[in-house]
Protein chains: 2
Amino acid sequence: MDSKYTIQDIADMAKVSKSTVSRYLNQGYISQEKMDKIKQVIKETGFQSNFFAKRLKMKQSKLIGIILPRMDSVTVGKLLEGVNRILEPEGYQGLILVSDLKKQKEICNISNLQQQGVDGIIIDSLGITRGHLQLLKSFDIPVVFTGQQHTAVHYVKIDDEGAGRIMGAYVRQKGHHHVVFAGVTNMDRAVGIERKQGFIDAFMENHPKAKVDFVKTGFSFESAYASGSEILAFKPTAVVCATDNIGLGVLRYLHEQKIKVPQEISVAGFGGYAVGVVSYPALTTVAFDYELVGMKTAQGLLDLIAGKKMESQSNLPLSFIERESVCGRQRDGVDKDRI
Amino acid sequence: MDSKYTIQDIADMAKVSKSTVSRYLNQGYISQEKMDKIKQVIKETGFQSNFFAKRLKMKQSKLIGIILPRMDSVTVGKLLEGVNRILEPEGYQGLILVSDLKKQKEICNISNLQQQGVDGIIIDSLGITRGHLQLLKSFDIPVVFTGQQHTAVHYVKIDDEGAGRIMGAYVRQKGHHHVVFAGVTNMDRAVGIERKQGFIDAFMENHPKAKVDFVKTGFSFESAYASGSEILAFKPTAVVCATDNIGLGVLRYLHEQKIKVPQEISVAGFGGYAVGVVSYPALTTVAFDYELVGMKTAQGLLDLIAGKKMESQSNLPLSFIERESVCGRQRDGVDKDRI
DNA sequence: CTGTTAGCGCTTTCAC
DNA sequence: GTGAAAGCGCTAACAG
């Protein structure tokens, strides 16, 4: 199978010792003469040093474990792109494990990775449970979370609450009083609680007529679409969706019901995915820069690995993208009747 | 750093020998008594056997290298999802490397992975060059390509040509004579040549009035959008886009130009991404099942690793999704004037 | 500058 | 059944 040369073979062929070859491969500190000879032999043989033997000695794998809730998501892709941008130049590689949206599996993956001897772990978490904390306590390799936050761990995440607030202030300023928040389970703290609460807080503040109804839906376009009638039943003037995906599903439902957006109902989302712009109307949203999140997360982890401190943060810059799906309401009190 | 227990520690604590512990960890063949003792000690210590030492002996890494053109793409996500579905139950893990859309980097990644001692490699390729073939010849670890095909390698891919044909036949049957094919560079054989040629062949066959103009664009929504005016300049009755993404960009351009789709111009794409359904109008497309591609690719690789043969294939099932963006043309010869 | 010598932690004959 | 011993391929003192 593995008809590869070892460092010993190279040494023999170049008529030097193993260590000289090893030195050639690592620090240097050898004569030009032997250096040339070794270089030549290596060229000829196509020698590659054995990864596992090397790692066994080095106590460093140059591997970073990355735990993801799923693979086929735009945000995950962006995140990975950012992580990779930082890891690669430093010679680190990512070992990716998928949790299939299950917290339990996320925990299994952690111990799994730890066993493989990765130098650090990045977790795009579904929720940080007691199980996570306990497991993390039992070993000392650096871990950085994203997606969720918790005081007991390092994390880098978008400012879900702040994003909610921006949207709350905007929708309110547009003159809406009655909105449906199409959100997700509060098992997901970041999206299900922080983002929603930020919205509600900003929307309700000094706003006596304000009313927010909540409809729980899933993360998928399909489940959002399926929640369409339930949302409509509340007769809101606007529906704020916890993610762009949900917004797109709602938009589709409304379109099929021949309800004009934004004239009859306004719709907004969170995420800022490029696809938001192709819908009709284009989706107004708060955009997150997941690539930046990935970069910050990876950088934080690298700092930790290097023995430095890292600051957790949940205040990454947000950008509000006003497109076409939300419009103003001039008069008060008649919103419900307009539907 | 790594204050972990070794097999020796466990042996001492359990008052047995290293080898007994090793046996416990592997085949078995030890007395119940010692077995219990060892099990207990392992529980207490939280011992995890060293991955690298194990791999060094075993000559098997249980690692599969996966080379991807980029991370933030829906198709890549789906593919990975499928690959993972096969690999995981078999105890394999994926080591992912990204080529940033550069063929040269793809090649670097191959040798990189090979050096790490992966058991096999999956390449979602940008194009199989002589460089690839040469490198692959120099070592003997199993490799399966997807995305592109070549007689000298193993591959599993979607039927690009067949997809093109389906679309060609459809557009033609809808009564269109003059279409613009908004495609990509022919450096990408699969999408740039096979898919396009399939379309042209089916569209032109026994179709004297047929005319296909070609506009080259990039893979991104933005670049497709930017090609809008160039496409329009040909005054086609339909524009067939090499990917859904391109279709979405064109749709957006047309929308902003107040050109009605499909009444004035029909638009179609390839891919079948879920997002195609949120555009307005929803995009008619040929859908690929990338998750299935991922599964077949991974299974093929596993077969190769097990010493079995695998059949390359480029005939994975396709499904045509007729949505709203293409409509029929009744009369001949006046198409251009209608614009 | 270079070769010799120990292991890294694990698996695996090979005797007992 | 179990332990002793011999490495897997590499790096890192340690002498020279």
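Fair warning: this is a prediction, and the values are worked out from it, not measured in the lab. Quick note on labels: first sequence line is chain A, next is B, and so on, each numbered from 1.
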### Task
Kindly assign one of parallel, tilted or perpendicular to the pair B/F52 and A/F52, based on the angle between their ring planes and the thresholds 30° and 60°.
tilted
Is there a side-chain contact between [X] and the phosphate of [N], meaning an N or O under 4.0 Å from OP1 or OP2?
X     : N      : result
B/K59 : C/dT11 : no
B/K54 : C/dT11 : yes
A/N26 : D/dT11 : yes

Between [X] and [Y], does any side-chain donor sit less than 3.5 Å from a side-chain acceptor?
X      : Y      : answer
A/D303 : A/Q299 : yes
A/S17  : A/T20  : yes
B/T146 : B/D124 : no
B/Q116 : B/N112 : yes

### Message
Using side-chain heavy atoms (C-beta onward) and a distance below 4.5 Å, is B/Q149 in contact with B/R189?
### Response
no
Between [atom2] on [N] and [atom1] on [X], what's the gap in Å once rounded to a whole number?
X     : N      : atom1 : atom2 : value
A/K57 : C/dC8  : NZ    : C1'   : 5 Å
A/D36 : C/dT2  : CG    : P     : 11 Å
A/Q48 : D/dG9  : CD    : P     : 15 Å
A/I7  : D/dA12 : CD1   : C1'   : 12 Å
B/L56 : D/dC8  : CG    : C1'   : 4 Å
A/Q60 : D/dA12 : CD    : P     : 11 Å
A/N50 : C/dG9  : CG    : P     : 17 Å
B/Q8  : C/dC8  : CD    : P     : 10 Å

#### Entry: Nearest to side-chain heavy atoms of A/S49, which nucleotide of D/dT11, D/dC10, C/dC10
D/dC10
### Summary
Side-chain atoms of B/M58 come closest, of C/dC10, C/dT12, D/dC10, to C/dT12
Under 4.0 Å, heavy atoms only, any strand: does [X] hit a base, just the sugar-phosphate, or nothing?
X     : result
B/S22 : base
A/Y24 : nothing
B/F51 : nothing

## Note on the structure
Nearest heavy-atom approach of B/S61 to B/R55 is O-NE, 3.2 Å
Between the protein and nucleotides 2-5 of chain D, which nitrogen or oxygen pairs are less than 3.5 angstrom apart?
| from | atom 1 | to | atom 2 | distance (Å) |
| --- | --- | --- | --- | --- |
| D/dT2 | OP1 | B/S31 | OG | 2.6 |
| D/dT2 | OP2 | B/S31 | N | 2.7 |
| D/dG3 | OP2 | B/S17 | N | 3.1 |
| D/dG3 | OP2 | B/S17 | OG | 3.3 |
| D/dG3 | OP2 | B/T20 | OG1 | 2.5 |
| D/dG3 | N7 | B/R23 | NH2 | 3.4 |
| D/dG3 | O6 | B/R23 | NH2 | 2.4 |
| D/dA4 | N7 | B/S19 | OG | 3.4 |
| D/dA4 | N6 | B/S19 | OG | 2.9 |

